[in-house]
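Residue numbering restarts at 1 for every chain, and letters A, B, ... go by the order of the sequence lines.
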There are 2 protein chains.
Amino acid sequence: MARKLIENHNECPITHSMNIIGNKWTSIIVYVLAGRTLRFGELAIRIDKISRKVLSNQLKEMELRGIVHRESYAETPPRVEYSLTKKGEELLPILNQLCAWSKDIDLDMNP
Amino acid sequence: MARKLIENHNECPITHSMNIIGNKWTSIIVYVLAGRTLRFGELAIRIDKISRKVLSNQLKEMELRGIVHRESYAETPPRVEYSLTKKGEELLPILNQLCAWSKDIDLDMNP
DNA sequence: TAAAGTAGTAACCAAACGGTAACTAACATG
DNA sequence: CATGTTAGTTACCGTTTGGTTACTACTTTA
């Protein structure tokens, strides 16, 4: 279930960072969750091509890391709401800089 | 050879960013190359656990994206030196923020 | 009684990724 | 003539990741 981590015996800080956000979906989930609360199903719709299984796994991992907050309501049908924690919100300005940085890189001339 | 990209029809900027640096090694290579020029073999030694094949592929992709500069000398034995482009250098302050952000996240309590 | 709606989970399979070992070219040295 | 040196590449294969489908539980509505 859990993703495999890069070994990091010499505690390289960037390797540590990559072990947290260096995968396909984590940053995208943070970005989509920016400033709002969304239910599981809404997240699944907004994030193109993600499967419910993978979304579920990622959210679980992010909750464990303290990036995402999960609030479950005992209703029928069930309702579960996801939002960013303070830590998650702190990632946003960094991601915005990343977006700005990558703006002028072209992927069309592909390998 | 080339990594598969996340589909991004609605041109989500963070998805675009993740298509560039959202993988195991790219950011780590940028970090190791910060402010210096290294030969292929030196990179392979400094980056723990990366295989020469994967390193070669990553560098090729990063060169294509304009993040890394490759200088090859027609000597025997061959010498190839890698360094960051201006674009690559611009990524560094962002990566440093990422390192600072991730500092207090604990991975030991693992999924 | 049947269907609909939600948030998952389990089993299973396909695709992507990563690693290993052997190999190349080209010259220098012993 | 064999060996070492470097930056790769190729073929092969195992691991990891991702995707699909079906299924659950519970209650409301038709």
Side-chain angles (χ1 to χ4, degrees), chain A residues 1-8 15 18-29 32-33 37-64 68-83 107 110-111, chain B residues 1-8 15 18-29 32-33 37-64 68-83 107 110-111:
Chain A
M1 177 208 90
R3 181 162 70 86
K4 242 215 140 183
L5 301 175
I6 312 174
E7 282 184 44
N8 190 18
T15 301
M18 286 304 107
N19 269 331
I20 297 163
I21 65 148
N23 68 93
K24 229 173 163 173
W25 302 113
T26 302
S27 298
I28 296 176
I29 293 172
V32 168
L33 232 33
T37 293
L38 291 174
R39 301 177 63 168
F40 181 82
E42 293 173 313
L43 273 167
I45 289 165
R46 279 167 203 272
I47 302 176
D48 203 28
K49 300 284 178 188
I50 200 171
S51 76
R52 301 172 80 83
K53 187 187 85 174
V54 173
L55 178 57
S56 168
N57 287 167
Q58 290 280 340
L59 287 168
K60 219 179 292 177
E61 188 184 324
M62 293 167 78
E63 195 195 352
L64 192 75
V68 150
H69 174 73
R70 178 182 189 274
E71 190 80 49
S72 167
Y73 300 88
E75 302 172 359
T76 300
R79 179 161 60 100
V80 181
E81 292 184 342
Y82 292 93
S83 56
L107 291 180
N110 251 340
Chain B
M1 177 211 90
R3 183 161 71 84
K4 241 220 140 179
L5 301 175
I6 312 173
E7 281 185 43
N8 191 17
T15 301
M18 287 305 108
N19 269 330
I20 296 163
I21 65 147
N23 68 94
K24 231 173 162 174
W25 302 112
T26 302
S27 298
I28 297 177
I29 293 171
V32 169
L33 232 32
T37 293
L38 291 174
R39 300 177 62 166
F40 182 81
E42 293 173 313
L43 273 167
I45 289 165
R46 278 166 204 274
I47 303 175
D48 205 27
K49 300 282 178 192
I50 200 171
S51 76
R52 301 172 79 84
K53 186 186 85 172
V54 173
L55 178 58
S56 168
N57 287 167
Q58 290 280 340
L59 287 168
K60 219 180 289 178
E61 187 183 323
M62 292 168 77
E63 195 195 353
L64 191 75
V68 150
H69 174 72
R70 178 182 189 274
E71 190 77 49
S72 167
Y73 299 88
E75 301 172 358
T76 301
R79 180 160 60 100
V80 181
E81 292 183 343
Y82 292 92
S83 56
L107 289 180
N110 250 340

In whole angstroms, how far is the [atom2] atom of [N] from the [atom1] atom of [X]?
X      : N       : atom1 : atom2 : value
I50(A) : dG19(D) : CD1   : P     : 8 Å
E7(B)  : dG19(D) : CD    : P     : 10 Å
L5(B)  : dA16(C) : CG    : P     : 11 Å
W25(A) : dT16(D) : CH2   : C1'   : 16 Å
E61(B) : dC17(C) : CD    : C1'   : 13 Å
L38(B) : dA7(D)  : CG    : C1'   : 15 Å
K4(A)  : dG14(D) : NZ    : C1'   : 12 Å
Q58(B) : dA7(D)  : CD    : P     : 18 Å

Report the distance from atom [atom1] of [X] to atom [atom2] of [Y], rounding to the nearest 0.5 Å.
X      : Y      : atom1 : atom2 : result
K4(B)  : N19(B) : NZ    : CG    : 10.5 Å
L59(A) : I50(A) : CG    : CD1   : 7.5 Å
I29(B) : L43(B) : CD1   : CG    : 7.0 Å
I6(A)  : T15(A) : CD1   : OG1   : 5.5 Å
N8(A)  : K49(B) : CG    : NZ    : 11.5 Å

Q: Would you give a per-nucleotide map of nucleotides 4-10 of chain C, 5' to 3', where B means the base has a protein non-hydrogen atom under 4.0 Å away, S means only the sugar-phosphate does, and - means neither?
A: -BBBSS-
Q | Minimum heavy-atom distance between M18(B) and N23(A), given as atom pair plus value | A |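 Result for this residue pair: SD-O, 4.4 Å.
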**Q.** Test side chain to side chain donor-acceptor pair (under 3.5 Å) applied to E71(A) - qualifying residues, sequence neighbours left out
**A.** H69(A)
Q. Do R39(B) and R79(B) have side-chain heavy atoms sitting under 4.5 Å apart?
A. yes
Q.
Counting C-beta onward and ignoring hydrogens, is there a side-chain heavy-atom pair between M62(B) and T26(B) closer than 4.5 Å?
A.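 When only atoms from C-beta onward are counted, T26(B) and M62(B) do touch, with a gap below 4.5 Å.
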Q | the helix from dT1(C)-dA30(D) to dG30(C)-dC1(D): angle between end helix axes, five pairs per end, rounded to 10 degrees | A | 30°
